[in-house]
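Comments concern the structure below.
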Amino acid sequence: MAFENKLIQQRIEKAKILKDAGYNPYANDNARSTTIKKYLYVNSDIEEKENKRDEKRHYCVSGRIKFFRMMGKASFIKIEDESGMLQIYVARDNLAEGFYNDFFKKHFEVGDIVEVGGFPFITGQGELSLHATEVKMLTKAISPLPEKFHGVTDKEIRYRKRYLDLIMNNDARKTFTIRSRVISLTRHFFENKGFLEVETPMMHPIPGGANAKPFVTHHNALGIDRYLRIAPELYLKRLIVGGFEAVFEINRNFRNEGMDATHNPEFTSIEFYWAYKNYKDLIEITKEYFRYLFEHLSLPTILPYGDLEINFDKFSEIPLLESLVTIGEVPPEIIKDKKSIVEYLSARNFPVKAEMTLGQLQGELFDAFVEKKLINPTFITEYPVEISPLARRSDKNLDVTERFELFIAGREISNAFSELNDPVDQYERFKAQVENKDAGDDEAHEMDEDFIEALSYGMAPCAGQGIGMDRLVMLLTNEHSIRDVLLFPAMKPIINEEKVSDEDALI
RNA sequence: GUCUUGUUAGCUCAGCUGGUAGAGCACGUCACUUUUAAUGAUGUGGCCGAUGGUUCGAAUCCAUCACAGGACACCA
């Protein structure tokens with residue numbers, strides 16, 4: 001990176017002039033005495049003071065210059081720190097002799113980070129401002145900021161240079177603040193419930209806990225490959241075996257799959273496991289969790305999401321088969337007959353493989369006709385056994401599992417079930433998965449004998465749940481791309497053609 | 001993966017059926033001591049994403065590639 005751009009050259013020159021005059025353009029000592037938000041709050045009484053000012057008060061604030069309005073012998077600038085924006089009045093005669101004309105006017109500009117000392121007053125237009133008596137450069141910005149009114153709108157720039165997005169777009173800052181709050185509230189919610197936060201390996205000898213393609217990396221010292229985890233599930237269950245009765249982990253999972261508006265190669269989820277509980281208890285704690293989030297985020301329970309309106313007061317619960325009929329409008333007489341389902345799906349342009357099991361076909365019906373219609377939060381329960389390899393069978397109906405998925409705005413937000421704790425059954429299910437893998441399904445689960453051995457010591461009956469945090473944040477912030485809730489979403493590298501040819505030349 | 005729309009100054013965008021590259025903001029110079037996207041005057045700034053092709057002539061037409069956005073299919 002060469003600073004060859006003319007605008008950058010100009011600004012480097014300005015920094016140099018300041019430096020030569022004894023004003024360090026990257027000053028290390030600063031005297032900030034308050035944030036902008038506090039300044040505005042503390043001085044909200046200036047309205048009542050004589051001349052709407054109080055020269056006895058003195059504050060020192062700092063921030064980035066966002067607006068610069070120069071009017072001859074005086075200027076208005078607006079500076080912004082994390083807490084807010086403040087207008088500063090800078091007049092020649094209030095600064096040290098010559099500083100305004102020789103330095104401030106010429107070498108301070110939008111983008112620079114400055115420190116300003118002075119007293120509070122209210123302008124003729126009625127804005128609480130700061131009357132500067134000292135101005136100091138803290139950091140000279142040598143790249144110009146994007147346009148002050150439109151900011152950056154180019155999605156590519158916003159994702160690749162998130163810092164610019166954060167400088168220019170208040171909404172972006174707000175979204176990531178909410179994201180941080182959601183993670184923090186989630187942690188507190190489960191801690192308050194007596195859950196223990198744990199950290200399990202991110203590098204797995206056998207990728208497990210989900211059906212997905214893993215990233216592979218290599219451990220040099222051991223001379224073996226490791227897999228970035230696709231889910232923490234099997235390690236968290238080992239902890240239930242070990243006697244912890246309520247554990248959770250909030251962290252990243254990695255899946256070597258496609259990217260789109262709802263998928264990033266690394267994403268954040270919470271998984272929690274709860275001994276002596278079942279999936280019914282999970283439904284209750286999920287509702288409670290949402291109430292907790294909404295209360296602490298001060299969100300209204302009816303939230304807009306794009307063109308939709310989601311009522312977070314209305315959680316409903318419906319078994320999968322019933323939803324096919326009442327929501328999907330699938331004729332009730334066909335939903336337990338493989339042949340009829342295949343015909344029904346094919347006739348509506350949903351091709352299915354002939355060898356699918358009844359449970360798989362019911363799942364296809366659900367995906368085709370029900371999922372997108374689930375706008376208000378809906379727990380779909382009683383999933384077919386065939387599509388729930390890690391879930392415990394229902395005692396009342398052996399064809400279905402004690403499982404639910406939570407759908408909001410037509411998207412899956414959470415997956416949960418009473419856990420399978422019969423080691424022999426689990427062994428058989430892994431074996432079936434291995435057969436699928438040998439048959440070419442590269443997302444099928446691998447045999448994990450170490451996990452089977454753990455189960456063989458006895459895992460207390462328990463229920464476990466995963467919630468996709470990125471998608472949850474999308475719902476709460478009305479964002480429609482996962483990239484808008486990830487600070488640094490995965491992007492393809494930009495190939496620098498000059499560099500490529502340089503490297504070629506070396507070879 | 002498929003389809004589709006983009007890529008022009010630091011940023012936001014014009015540029016019609018091919019004929020020497022435009023605006024606003026920013027920046028430079030000048031004026032202005034209460035402005036609110038300050039204002040007025042004036043000036044600098046571009047290999048029009050890359051590579052080929054068609055043409056006397058390409059930002060514009062065609063092809064390929066790269067990156068991005070959107071939609072659809074699969075996975076959280």
Side-chain angles (χ1 to χ4, degrees), chain A residues 3-11 13-14 52-53 66-78 85 87-94 100 105-106 109-111 121-127 129 131 141-161 164 167-168 209-213 230-231 252-271 349-351 364 367-368 405-406 411-415 441-443 466-472 474 480-484 489 491-498 500:
Chain A
F3 303 114
E4 65 222 2
N5 182 287
K6 188 182 151 192
L7 296 170
I8 293 178
Q9 280 300 329
Q10 257 173 27
R11 296 177 76 126
E13 184 57 28
K14 290 180 186 182
K52 296 192 176 179
R53 62 184 57 219
K66 298 296 286 288
F67 295 95
F68 204 120
R69 291 190 276 273
M70 224 263 293
M71 300 173 307
K73 297 177 191 66
S75 299
F76 284 96
I77 61 174
K78 290 214 169 182
M85 183 107 77
Q87 177 167 267
I88 312 286
Y89 180 66
V90 186
R92 185 191 64 187
D93 301 340
N94 293 91
Y100 182 86
K105 226 165 84 169
K106 286 183 179 164
E109 60 204 312
V110 170
F121 80 115
I122 290 179
T123 64
Q125 300 295 313
E127 181 169 343
S129 308
H131 198 121
I142 61 168
S143 280
L145 283 187
E147 204 242 9
K148 62 188 168 188
F149 190 58
H150 299 94
V152 262
T153 58
D154 185 326
K155 290 256 185 195
E156 185 167 358
I157 298 178
R158 295 183 58 190
Y159 297 151
R160 286 192 198 274
K161 304 183 183 180
L164 274 185
I167 291 172
M168 301 307 296
N211 295 335
K213 276 180 251 174
I230 55 176
R252 229 66 67 77
N253 294 324
F254 306 86
R255 299 191 184 173
N256 206 341
E257 292 166 353
M259 292 152 59
D260 63 26
T262 54
H263 296 86
N264 195 68
E266 48 182 308
F267 64 100
T268 301
S269 70
I270 176 171
E271 283 200 19
N349 239 344
F350 292 99
E364 293 290 320
D367 292 344
E405 289 195 356
L406 173 62
R411 270 211 286 268
E412 184 196 336
I413 290 297
S414 179
N415 182 19
D441 179 357
D442 51 8
E443 291 188 356
I467 302 173
M469 301 308 288
D470 311 289
R471 291 183 181 180
L472 176 61
M474 285 168 67
H480 294 257
S481 170
I482 195 168
R483 295 183 196 101
D484 292 318
M491 300 291 278
K492 285 198 200 178
I494 299 171
I495 295 161
N496 185 327
E497 297 196 8
E498 279 173 42
V500 169

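Below, chains carry the letters A, B, ... as their sequence lines are ordered, and counting in each starts from 1. This one's a predicted model, so the numbers in the text were calculated from it and none came from an experiment.
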Check: With a non-hydrogen cut-off below 4.0 angstrom, is A:R483 in contact with a base, only sugar-phosphate, or nothing?
Finding: sugar-phosphate
Next item on the list: Could you tell me whether A:R160 contacts a base, only the sugar-phosphate backbone, or nothing, with contacts defined as non-hydrogen atoms closer than 4.0 Å?
Entry: sugar-phosphate
Checklist line | Any-strand Watson-Crick or G-U partner of B:C74, both distances under 3.5 Å | finding: none
Next item on the list: Report which part of the nucleic acid A:D154 touches: base, sugar-phosphate, or nothing (heavy-atom distance under 4.0 Å, all strands).
Entry: sugar-phosphate
Between protein and nucleotides 8-10 of chain B, what N or O pairs are separated by less than 3.5 Å?
unit_1: B:G10; atom_1: OP1; unit_2: A:N5; atom_2: ND2; d: 3.2

Next item on the list: May I ask you to verify if any side-chain N or O of A:K106 is less than 4.0 angstrom from the OP1 or OP2 atom of B:G28?
Entry: no
Note to self: From NZ of A:K73 over to P of B:C30, roughly how many Å is that when rounded to an integer?
What the structure shows: 13 Å
Next item on the list: Report which part of the nucleic acid A:K161 touches: base, sugar-phosphate, or nothing (heavy-atom distance under 4.0 Å, all strands).
Entry: nothing
Notebook entry, point to check: Which nucleotide in the set B:A76, B:C27, B:U33 lies at the smallest distance from any side-chain heavy atom of A:E109?
Noted result: B:C27
Notebook entry, point to check: Going by modelled atom types, is there a donor-acceptor pair between the base of B:C74 and the side chain of A:D260 at under 3.5 Å?
Noted result: yes
Margin query: Heavy atoms only, 4.0 Å cut-off, all strands: where does A:K6 land among base, sugar-phosphate and nothing?
Written below: base
Margin query: Only pairs with both distances under 3.5 Å count, Watson-Crick or wobble alike; so what is the partner of B:U54 in this structure?
Written below: none
Checklist line | G-U wobble or Watson-Crick pairing nucleotide for B:G10 (cut-off 3.5 Å, both distances) | finding: B:C25
Note to self: On the nucleotide B:U34, are OP1 or OP2 found under 4.0 Å from the side-chain N or O atoms that A:R69 carries?
What the structure shows: no
Checklist line | Donor-acceptor pair present, A:S75 side chain and B:U35 base, under 3.5 Å | finding: no
Margin query: What contact category does A:M70 fall into here, base, sugar-phosphate, or nothing, at under 4.0 angstrom with non-hydrogen atoms?
Written below: base
Next item on the list: For B:U33, give its Watson-Crick or G-U wobble partner with both distances under 3.5 Å, or none.
Entry: none
Next item on the list: Could you check whether A:K213 gets within reach of a base, just the sugar-phosphate, or nothing at all, counting any heavy atom under 4.0 Å?
Entry: nothing
Next item on the list: Give the nucleotide from the list B:A68, B:A38, B:C32 with an atom nearest to the side chain of A:K492.
Entry: B:A68
Next item on the list: Indicate, with a heavy-atom threshold strictly under 4.0 Å, whether A:F121 touches base, sugar-phosphate, or nothing.
Entry: base
Check: With a 3.5 Å cut-off and just heavy-atom distances, do the side chain of A:Q87 and the base of B:U35 make a donor-acceptor pair?
Finding: yes
Next item on the list: Select one nucleotide: of B:U33, B:C25, B:A76, the one nearest the side-chain heavy atoms of A:F267.
Entry: B:A76
Note to self: Can you measure A:K66 atom NZ to B:U36 atom P for me and round it to whole angstrom units?
What the structure shows: 19 Å
Check: Is there a Watson-Crick or G-U wobble partner for B:C48 with both distances under 3.5 Å, and if so, which one is it?
Finding: none
Note to self: Does A:G258 reach a base, just sugar-phosphate, or nothing at all? Heavy atoms under 4.0 Å.
What the structure shows: nothing
Next item on the list: Would you classify A:E412 as touching base, sugar-phosphate or nothing, given that sugar-phosphate means primed atoms plus P, OP1 and OP2, and contacts are heavy atoms under 4.0 Å?
Entry: sugar-phosphate
Check: Has the side chain of A:E127 got a donor or acceptor that lies under 3.5 Å from a partner of the other kind on the base of B:U36?
Finding: yes
Checklist line | Among B:U12, B:C32, B:A76, the nucleotide that comes nearest once only the side chain of A:I157 is considered | finding: B:U12
Item checked: Distance test, side-chain N/O of A:Q125 to OP1/OP2 of B:U35, below 4.0 Å -> yes
Margin query: How many whole angstroms separate atom CZ of A:F149 from atom P of B:C25?
Written below: 12 Å
Checklist line | Presence of donor-acceptor pair under 3.5 Å, side chain of A:T153 and base of B:U12 | finding: no
Notebook entry, point to check: Is a donor-acceptor contact shorter than 3.5 angstrom present between the side chain of A:Y89 and the base of B:U35?
Noted result: no
Note to self: Measure CG/A:N94 against P/B:U34 and give the value in whole Å, please.
What the structure shows: 13 Å
Next item on the list: Using whole Å, report how far NZ of A:K14 lies from P of B:C27.
Entry: 7 Å
Notebook entry, point to check: Expressed in whole Å, how much space separates the C1' atoms belonging to B:G10 and B:G46?
Noted result: 12 Å
Note to self: Less than 4.0 angstrom between a side-chain N/O of A:K155 and OP1 or OP2 of B:G69, yes or no?
What the structure shows: no
Item checked: Complementary nucleotide of B:U60, counting Watson-Crick and G-U pairs under 3.5 Å -> none
Next item on the list: Sort out the partner of B:U17 for me: Watson-Crick or G-U wobble, both distances under 3.5 Å, none otherwise.
Entry: none
Check: Whole Å only: how far is the CZ atom of A:R411 from the P atom of B:A73?
Finding: 13 Å
